[in-house]
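I have placed the structure first, in the form of structure tokens, so that the comments after it can refer back to it.
When a ligand or atom number is given, it counts from 1 through the structure's own listing order. These values consider heavy atoms only, across backbone and side chains, with no hydrogens, waters or symmetry-generated copies.
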Amino acid sequence: MSLEHVKMSFDEMWNKIMECDRSYDGLFYTAVKSTKIFCRPSCRSRKPKKVNVTFYETISECVEAGYRACKRCQPEIEHCPQIDLVRRAAGYMVNHLNEKIVLQDIAEHIGVSPFYLERLFKEEMKETPREYLEKIRIHKAAFLLKDSQKTNLEICFEVGFRSPSNFYKAFRRVENCSPSHYRKSLRIKES
Ligand SMILES: [Zn+2]
């Protein structure tokens, strides 16, 4: 079974590679036209120019398009059945983050027991599926604060929180500030 098509925009993926965020490894690959190399999102090599970047969802797409694996981040060596399970769980959460998801749903989707999934996920990602889900919801919220005119409350519901107070608490845990402060600080940086 392959990964679901990952529902992220070009700019969201671009943000991830700028942040070298390991949380999205395996969900997409960065192919760089000028070097003909493809990388994991978390690669710490010098960042390409935006115009040279194409995102692919699978390694075989990169290879078919004529790209070689980066020697530094080695995207091709992470393939093993356990890691693929973790990637599929992560991909499922990325695509369904605006819905109410419990561990059981994710486990059923990839066909393993919740207990096994939780253990495997924690081993590979160093956090539980629940912590991961909260983090990617907040990443999405941060992206929307930057990229849209939506209000805090609209964003709160759009990224899957059911209560604003949980949203504010989680936002502060991940970003160390309030959503409003986050948006304001971006405006200051840009002006
Ligand atoms: Zn790389």
*Any Lys/Arg nitrogen of Arg87 or Glu124 sitting under 4.0 Å from an Asp/Glu carboxylate oxygen of the other?*
yes

Any side-chain heavy atom of [X] sitting closer than 4.5 Å to one from [Y]?
{"X": "Asn15", "Y": "Lys146", "value": "yes"}
{"X": "Arg183", "Y": "Ile155", "value": "yes"}
{"X": "Pro129", "Y": "Glu118", "value": "yes"}
{"X": "Ser185", "Y": "Cys177", "value": "no"}

*What are the protein N, O or S atoms, given as residue plus atom name, that sit under 2.8 Å from the Zn ion (ligand 1)?*
Cys39 SG, Cys43 SG, Cys70 SG, Cys73 SG

*What residues, two or more places apart in sequence or in another chain, satisfy ring-ring contact (aromatic ring centres under 6.0 Å, His included) together with Phe38?*
none

